[in-house]
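Remarks on the structure that follows.
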Amino acid sequence: MARELLKDLIYGEQLVSAGCKVDFAVGLTYSLNLEAMLTVPLAFGDLGELDSNVKLSPAFLLEGIRRSSDKIALFCNKGGIHVPSETRTIYSLLESSIFEVQDGNDIFSNFHPKIWLVKEIDKDGDEWLKLSVMSRNLDFSTCLDICCSIRGHIERRRSLRGVEKHKPLKDMLLWLSEYAPKTKADKVCQLAEQLDYVDRFKLDMPFQTEDTERNEDEGYDFFPFVYGKEEFSTYGNYLKKYLPGDRILVVSPFIDITTLSWLTSRKKDYNYESRNSILVTRKEYVTQEVFELFEQVWVPNDTMLDNTTANVDLHAKMYLTQRLTGDDLGYTLYLGSANATVNAFNKNVEFLLRLHYKRTTSDRIKELLEEISEHRFVVMDAPNPEASNTRPSNEKELALKRAVGCLRKAVIKTSNKEGLYDIDLSVRGKYDGDIQIRPLQCKGLWQPISNQVFFKELSTHLLSEFYVIRIPSDDEKFIELVAKVKTSGMPADRDESIYQSIVTKKEELLDYVAFMLSDRPSEFFFEQQMMKESKKYADGANSNTITMPLYEQLLKTASTNPEQITEVQKFIKKMKQDIVPEELTKILQMFQNVSKQLVAL
């Protein structure tokens, strides 16, 4: 199920290669759904193919996070985390993997790239880097998106070609590491350094692959934009020169006339079967000026937009160009996060992957248009009289985003009531007086925002670095989002308390121990479920006692991986002892004593 969830979410196998284990992964996204984020540690935690009950099993979620939270660094736009539909303390365990990014000089520019770089190890022990470039955020959007994955082998020595070719992505990751605490920042930097050891990422047809006889390299390049920073300007300057083509197909949900005019500045009137300038976008942005700029404009059809199951709108971003004269001849595809807007190419953080096609007599623009437009899009025969290239600004949303930038730090202190804690939240800067804030785990604890906000007498498992911030909207509802606040004083046993709040029954504890021990937790879980539902239980067996499969797994682990028995014991000590079967404690101690004796021999 983890891979299936990711398949719907962010193209599953595009991120996790079959038969490989994840060593470390860096993800970049504009917006983030915390429930969607839970699927990432499940897939990266090597838990096997899981059924639909996985989301209902706290043991699976906890074990996925335990196995992989140290392996993940996810960067998102500050203020881009959605408020979850339900409150779950498990979300707080994701704090160590999520880092918000914001331009200190312009809080209204956006961190907008969508990529994953994953270091994975195959069954033979070979190490690989897998890069997935996409237009999909880490959420449950039903929009039409695009994703491309390329994979390169990590060699033992640096590659001169790799050092030069992969420098743009490496520079972006090194810059990004500054937004993470030192432990995770070091891992991000180490992953960035691994790019030097990849000689090339391998492409497939129809894109240009290495051909030594023709002196042709793999046909890909990386183009990061970082808030218009000078050190990244080289990549933007290249695109300003080469992205416009003699013929061009632009796929972008959001557009403006300035950028479209630039992209079509080289277009020529060639005699091709398909048109020479084509735009695929959303209908609400096709003004008269836009319509006249292109020979053909496609928009999603009514079936996509008015689907009774889920509305499907365009969200993919692609630019397919053909240059017939000058440099960089042939067909080139750019894909990633950048919309055809001034902000995307000049203010935001974005990422585009450039793929160069093999030499061909085929009309690649016609082929791609046929592929993306079949049964999904229609050609407009006139501009939309209600269209506008200017997306209306919501003053309430801007006020909320401004307030997020004012959240400075939170200090957690011991409360006057034993076992409880107080939070002192500091806010600095200009913000709207109607804004309210609360800890993520405390639905009813709203406080008006001010220079100093206090939350009193919170239980340990309710403490979090995540806060919900909201502002009333014009329709008498609220616009709200989640922000992560730099926090000090977090109790050392906070995570332990969260575990105790989730694993509350003996049965749940035994399930969790099973997952910790098993090499194939999904299969073991299935066996346990079958056992619990079998006639044996119907005849009076107790589901709170150790089952035979679990006993056998304990025995196997004690002989093959005694260190894991120690990990289980550490977990048991974190739990409330009234849900720990005495039988389990005795067996674990017995196995540990035997293991010590074997080591002594």
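All residue numbers in this chain count up from 1 along the given sequence.
For the 3.5 Å distance criterion, the side chains of Thr259 and Asp256 qualify, holding a donor opposite an acceptor. A side-chain N or O of Ser92 and one of Gln441 form a donor-acceptor pair less than 3.5 Å apart. A donor-acceptor contact under 3.5 angstrom links the side chains of Thr209 and Lys358, judged on distance only. Side chain to side chain, Lys317 and Ser337 fail the donor-acceptor criterion of an N or O pair below 3.5 Å. Under the 3.5 Å distance criterion, with hydrogens and angles disregarded, a donor-acceptor pair is assigned to the side chains of Ser135 and Asp145. Residues Asn348 and Glu350 bring a donor and an acceptor atom of their side chains to less than 3.5 Å of each other. A donor-acceptor contact closer than 3.5 angstrom links the side chains of Lys401 and Asn110. Judged by distance alone, the side chains of Ser85 and Glu35 never bring a donor and an acceptor atom under 3.5 Å apart. Defined by atom type and a distance below 3.5 Å, a donor-acceptor pair is present between the side-chain atoms of Tyr431 and Asn451.
Put simply, the side chain of Leu353 does not reach to within 4.5 Å of the side chain of Phe223, judged on heavy atoms. Between Phe207 and Tyr331, the closest side-chain pair of non-hydrogen atoms is not below 4.5 Å. When side chains are defined from C-beta on, Leu176 counts as touching Leu28, because their heavy atoms get closer than 4.5 Å. For the pair Ile471 and Lys396, the minimum side-chain heavy-atom distance is below 4.5 Å. Counting only heavy atoms from C-beta outward, the side chains of Thr264 and Phe294 approach each other to under 4.5 Å. Looking at Tyr227 and Asp106, their side chains never come closer than 4.5 Å, going by heavy atoms from C-beta outward. In this structure, the side chains of Val482 and Tyr91 stay at 4.5 Å or more apart for every pair of heavy atoms. For the pair Ser464/Pro439, no side-chain contact is recorded, criterion being any heavy-atom separation below 4.5 Å from C-beta on.
Note on Arg282 versus Asp313: salt bridge recorded, some NZ/NE/NH1/NH2 to OD/OE distance being below 4.0 Å.
A donor-acceptor pair is defined here as one N or O able to donate and one able to accept, closer than 3.5 Å; such a pair exists between the side chain of Lys184 and the backbone of Ser96. Thr29 contributes no side-chain N or O that, together with a main-chain N or O of Leu32, makes up a donor-acceptor pair within less than 3.5 Å. The backbone N or O of Asn77 lies less than 3.5 Å from no partner atom in the side chain of Gln102, so there is not a single donor-acceptor pair. Not a single donor-acceptor pair under 3.5 Å links the side chain of Asn339 to the backbone N or O of Ala344. Under the 3.5 Å distance criterion, the side-chain polar atoms of Arg408 are matched with a main-chain donor or acceptor of Gly405. Between the side chain of Arg438 and the backbone N or O of Leu440 there is at least one donor-acceptor pair closer than 3.5 Å. Between the Ser362 side chain and the Arg364 main chain, no donor and acceptor come within less than 3.5 Å of each other. With hydrogens and angles ignored, the 3.5 Å screen pairs a side-chain donor or acceptor of Asn137 with a backbone N or O of Tyr30. Formation of a donor-acceptor pair under 3.5 Å by the Lys484 side chain with backbone atoms of Ile98 is found in this model. Although no hydrogens or angles enter the test, the distance criterion places a donor-acceptor pair under 3.5 Å between the side chain of Glu100 and the main chain of Gly79.
Residue Ile65 holds its CD1 atom at 5.5 Å from CG of Leu38, rounded to the nearest 0.5 Å. Taken from NE2 in His82 to CZ in Phe140, the straight-line distance is 10.5 Å, to the nearest 0.5 Å. A distance of 9.5 Å separates CG in Leu74 from CG in Leu94, rounded to the nearest 0.5 Å. One finds the CG atom of Leu249 at 12.0 Å from the CD atom of Glu367 (value rounded to the nearest 0.5 Å). Atom NZ in Lys283 sits 5.5 Å away from atom CG in Asn384 (nearest 0.5 Å). Lys114 contributes atom NZ, which lies 13.0 Å from atom CG of Leu335 (distance to the nearest 0.5 angstrom).
Cation-pi contact between Arg470 and Phe478: present, with separation from the ring centre below 6.0 Å and deviation from the ring axis of at most 45°. For the pair Lys165 and Tyr220, the cation-pi criterion (under 6.0 Å, within 45° of the ring axis) is fulfilled.
Around atom CD of Glu386, no more than 12 heavy atoms belonging to other residues, nucleotides or ligands sit under 6.0 Å away. Within 6.0 Å of CD in Glu289 there are 12 or fewer heavy atoms belonging to other residues, nucleotides or ligands.
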Exercise. Does the pair Ile81 and Asn33 meet the rule for a side-chain contact (heavy atoms from CB on, under 4.5 Å), with working shown?
Worked result: CA-CA 6 Å; Ile81 305 177; Asn33 180 302; over 6 Å; no
Problem set entry | Check against side-chain contact (heavy atoms from CB on, under 4.5 Å), Phe377 and Val297 | CA-CA 10 Å; Phe377 296 84; Val297 178; over 6 Å; no
For this session: Please lay out, stage by stage, how Tyr235 and Met172 fare under the test side-chain contact (heavy atoms from CB on, under 4.5 Å).
Result: CA-CA 11 Å; Tyr235 316 126; Met172 186 181 197; over 6 Å; no
For this session: Test Asp363 against Arg247 for salt bridge (charged side-chain N to carboxylate O under 4.0 Å, His left out), laying out the working first.
Result: CA-CA 11 Å; Asp363 186 347; Arg247 302 177 67 231; 3.3 Å; yes
Exercise. Taking it one step at a time, do Asp246 and Arg266 satisfy salt bridge (charged side-chain N to carboxylate O under 4.0 Å, His left out)?
Worked result: CA-CA 5 Å; Asp246 298 322; Arg266 275 183 59 110; 3.0 Å; yes
Exercise. Between Leu398 and Glu395, is a side-chain contact (heavy atoms from CB on, under 4.5 Å) present by the stated rule, with each step listed?
Worked result: CA-CA 5 Å; Leu398 294 177; Glu395 292 302 322; 4.1 Å; yes
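Across Leu320 and Leu333, no two heavy atoms sit closer than the pair CB-CD1, 4.1 Å. Residues Gln288 and Pro383 share a closest heavy-atom pair of OE1-CG, 3.1 Å. Considering all non-hydrogen atoms of both residues, Leu174 and Ser177 come closest at O-OG, 2.6 Å. Here the closest non-hydrogen pair linking Ala399 and Ile435 is O-CD1, 3.7 Å. Closest non-hydrogen pair, Ser261 versus Leu293, comes out as N-CD2, 3.7 Å. Residues Trp262 and Leu239 approach most closely at CZ2-O, 3.4 Å, considering heavy atoms.
For the pairing with Thr487, the side-chain contact (heavy atoms from CB on, under 4.5 Å) check across Glu465, Lys409, Glu95 returns one residue only, Glu465.
Tyr238 and Tyr242 have tilted rings, their planes meeting at an angle from 30° to 60° on a 0 to 90° scale. Ring-plane geometry between Phe232 and Trp175 is classed as perpendicular, the angle between the planes exceeding 60 degrees on a 0 to 90 degree scale with a lower cut at 30.
Ring centroid separation for the pair Tyr179 and Phe99 does not come in under the 6.0 Å cut-off. His112 has its ring centre no less than 6.0 Å from the ring centre of Phe351.
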